Amino acid sequence: MSSTRYWLDKIYLAYFLIHLPVLFCVDLVPLYPASLWVPPSSPLHSLYKLRVYYIETYNDQFFAPPPAPIPSFFPLFAFLELVFHLPVSLWAVRALFGGGRRADSTARQSGLSGHAELLLLVYGIETALTTATCMYEAYLWDPALVTAEQKVVLLGGLYGGYLAVAVLLTVDMYARLASRLNVVDAGKKDQ
């Protein structure tokens, strides 16, 4: 089991290493002062160009400029990315590289402490729910705005990958924590 956990931890590390630049270069950009990224002479104008490329290529209506309607939940999800995803992602990279490991034998076996597994369980549940919500909303977009082919790329590739990793993370962290709790419960029975 520890070999499987090792490889899963490597998948999670790759996910977080990819997620961080996506946060800084795409998802959180609207929260930056416009003067830093919108004008052609601004220091972060390359982020504006990246955003335009992303919208033109994938036609993701969540990032399209007005008059594209933004669902009422989307600003909340952006806020969650800033206050939850960003700090957890930064922490997870360190933890998965080894900085968050504990010295006890159970933590050595799984690679992460119980506290780390609990935080990643919460992260996985939140990410799966918010991503699934966005995917459902995108599925409902008007075919006159977003073609079926664009939806396949958005839902199957971009958002689908995030959902798959979030569900895997959720199931894996739940199983790891359940295993820890079973050991504790067995110890109580022996007393």
Side-chain angles (χ1 to χ4, degrees), residues 1-32 46-47 50-51 53-55 57-58 60-63 73-102 106-139 150-180:
M1 183 59 126
S2 63
S3 173
T4 302
R5 288 179 178 183
Y6 172 83
W7 286 109
L8 287 172
D9 285 351
K10 294 301 176 200
I11 290 169
Y12 306 144
L13 177 60
Y15 163 83
F16 285 112
L17 286 171
I18 292 168
H19 188 53
L20 282 167
V22 170
L23 282 171
F24 285 116
C25 297
V26 180
D27 296 350
L28 299 177
V29 171
L31 302 178
Y32 303 164
S46 59
L47 297 179
L50 177 63
R51 195 170 183 77
Y53 168 80
Y54 176 77
I55 293 167
T57 304
Y58 301 108
D60 188 334
Q61 296 298 293
F62 292 127
F63 295 94
F73 62 79
F74 201 71
L76 172 64
F77 289 4
F79 178 74
L80 285 171
E81 286 196 304
L82 177 65
V83 301
F84 186 64
H85 281 234
L86 180 57
V88 171
S89 295
L90 290 167
W91 168 86
V93 167
R94 182 175 176 269
L96 291 164
F97 264 130
R101 300 170 196 269
R102 290 182 36 182
T106 307
R108 274 197 305 269
Q109 201 174 31
S110 72
L112 294 169
S113 70
H115 292 97
E117 291 169 354
L118 181 59
L119 179 58
L120 290 175
L121 173 65
V122 172
Y123 177 91
I125 292 169
E126 184 273 335
T127 302
L129 288 173
T130 56
T131 304
T133 302
C134 289
M135 289 176 73
Y136 179 72
E137 178 72 19
Y139 174 77
Q150 289 171 323
K151 285 183 182 181
V152 167
V153 171
L154 280 169
L155 299 176
L158 299 174
Y159 288 99
Y162 271 91
L163 180 63
V165 172
V167 169
L168 178 65
L169 181 68
T170 300
V171 170
D172 182 34
M173 292 303 133
Y174 176 82
R176 293 184 194 194
L177 288 167
S179 176
R180 288 178 186 275

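By convention here, the first residue in the shown sequence is residue 1. Since the structure is predicted, the reported quantities are computational estimates derived from the model, not experimental observations.
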Practice task
State, yes or no, whether a side-chain contact exists between Phe79 and Leu31 at a heavy-atom distance under 4.5 Å.
Solution key: no

Handout entry: Side-chain heavy-atom pair Thr170, Leu121 within 4.5 angstrom cut-off
Key = yes

Exercise for the section: Give a yes or no answer on whether the side chain of Thr130 reaches the backbone of Thr127 with a donor-acceptor pair at less than 3.5 Å. Expected result: yes

Exercise for the section: Could you tell me whether Phe73 atom CZ has more than 12 heavy atoms of other residues or ligands within 6.0 Å of it? Expected result: yes

Handout entry: Any side-chain heavy-atom pair of Tyr54 and Leu158 under 4.5 Å
Key = yes

Exercise for the section: Would you confirm whether the ring centroid of Tyr123 sits within less than 6.0 angstrom of the ring centroid of Phe16? Expected result: yes

Fill in the blank from the handout: Output for pair (Leu155 CG, Thr131 OG1), nearest 0.5 Å, gives 11.5 Å

Problem - Rounded distance [0.5 Å steps], CG in Leu28 versus CG in Leu82 - result: 5.5 Å

Exercise for the section: First locate atom CG of Leu154, then atom CE of Met135, and finally report the distance between them rounded to the nearest 0.5 Å. Expected result: 9.5 Å

Exercise for the section: Using atom types as modelled and distance alone, determine if a side-chain donor or acceptor of Ser179 lies under 3.5 Å from a backbone N or O of Ala175. Expected result: no

Handout entry: Chi angles and distances behind the side chain to side chain contact (heavy atoms under 4.5 Å, CB included) call for Glu126, His85
Key = CA-CA 9 Å; Glu126 184 273 335; His85 281 234; 2.6 Å; yes

Exercise for the section: Hey, could you give me the CG/CG distance between Asp9 and Leu169, rounded to the nearest 0.5 Å? Expected result: 9.5 Å

Problem - Least distance between heavy atoms, Leu168 atom then Leu8 atom - result: CD2-CD2, 3.7 Å

Fill in the blank from the handout: Correct closest heavy-atom pair for Leu23 and Ser89 would be CD1-OG, 4.3 Å

Practice task
Give a yes or no on whether the ring-centroid distance for Tyr15 and Tyr162 is below 6.0 angstrom.
Solution key: yes

Exercise for the section: Determine the minimum heavy-atom distance between Val167 and Ala128, stating which atoms define it. Expected result: CG2-CB, 4.2 Å

Problem - Beyond-backbone contact of Leu47 with Arg51, side-chain heavy atoms, under 4.5 angstrom - result: no

Exercise for the section: Taking the side chain as every heavy atom from C-beta outward, state whether Leu86 and Leu20 have any pair of such atoms under 4.5 Å apart. Expected result: yes

Exercise for the section: Inspect the surroundings of OH in Tyr174 and state if more than 12 heavy atoms from other residues, nucleotides or ligands are less than 6.0 Å away. Expected result: no

Handout entry: Glu81 versus Asp27, closest heavy-atom pair with distance
Key = OE2-OD2, 2.9 Å

Problem - Close side-chain approach of Leu129 to Phe77, heavy-atom, < 4.5 Å - result: no

Completion exercise
Applying salt bridge (charged side-chain N to carboxylate O under 4.0 Å, His left out) to Asp172 and not counting sequence neighbours gives Arg176

Practice task
Of all the heavy-atom pairs spanning Cys25 and Leu50, show the shortest one and how long it is.
Solution key: O-CD2, 3.6 Å

Fill in the blank from the handout: Separation between CG (Leu177) and CE (Met173), nearest 0.5 Å, reads 8.0 Å

Exercise for the section: Give a yes or no on whether the backbone of Tyr136 and the side-chain of Tyr159 come within a donor-acceptor separation of less than 3.5 Å. Expected result: no

